Amino acid sequence: MDYHLFAQAFLDDDQSDAAVCDTFDILWLSWDDALASQDTCRYGWNVLRATVMARTATAGPSWAWPPSTPSTCSP
């Protein structure tokens with residue numbers, strides 16, 4: 001699953017692009033923590049999910065159930 005596709009499931013195009021950019025900024029700033037985590041892929045998806053969900057609170061409907069981390073991780 002692609003970060004952009006996930007974000008677009010919850011946000012419009014402009015908001016989803018911004019959420020993905022913010023996610024990569026956060027990952028860049030916390031890269032040492034990501035690498036130290038047990039599952040780097042899960043760490044990234046958790047950052048994306050939190051970033052997208054934070055934007056849904058201000059950009060549209062509130063989603064109570066975000067999907068879980070995908071079983072396979074591909075860039």
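Just so we're clear, the structure is a prediction, and the values are computed from it rather than from any experiment.
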Practice prompt. Could you grab the distance from atom CD of Gln8 to atom CG of Leu5, nearest 0.5 Å is fine?
Written response: 6.0 Å
Practice prompt. Give the minimum heavy-atom separation between Ala34 and Ser37, together with the two atoms involved.
Written response: O-OG, 2.6 Å
Discussion item. Within the structure provided, determine whether Met53 and Phe10 are in side-chain contact (heavy-atom separation under 4.5 Å).
Written reply: yes
Check residues 16-29 and write down every donor-acceptor pair under 3.5 Å in which the side-chain atom is one partner and the other belongs to a residue at least two apart or another chain.
{"residue": "Ser16", "atom": "OG", "partner": "Asp12", "partner atom": "O", "Å": "3.1"}
{"residue": "Ser16", "atom": "OG", "partner": "Asp13", "partner atom": "O", "Å": "2.9"}
{"residue": "Asp22", "atom": "OD2", "partner": "Arg55", "partner atom": "NH2", "Å": "2.6"}
{"residue": "Thr23", "atom": "OG1", "partner": "Ala19", "partner atom": "O", "Å": "2.8"}

Worksheet item: Applying salt bridge (Lys or Arg N to Asp or Glu O under 4.0 Å), which residue pairs with at least one partner in residues 26-38 are found, sequence neighbours left out?
Response: none
Item to complete: Could you tell me which residues satisfy side chain to side chain donor-acceptor pair (under 3.5 Å) with Ser30, sequence neighbours excluded, listed by chain and number?
Response: Tyr43
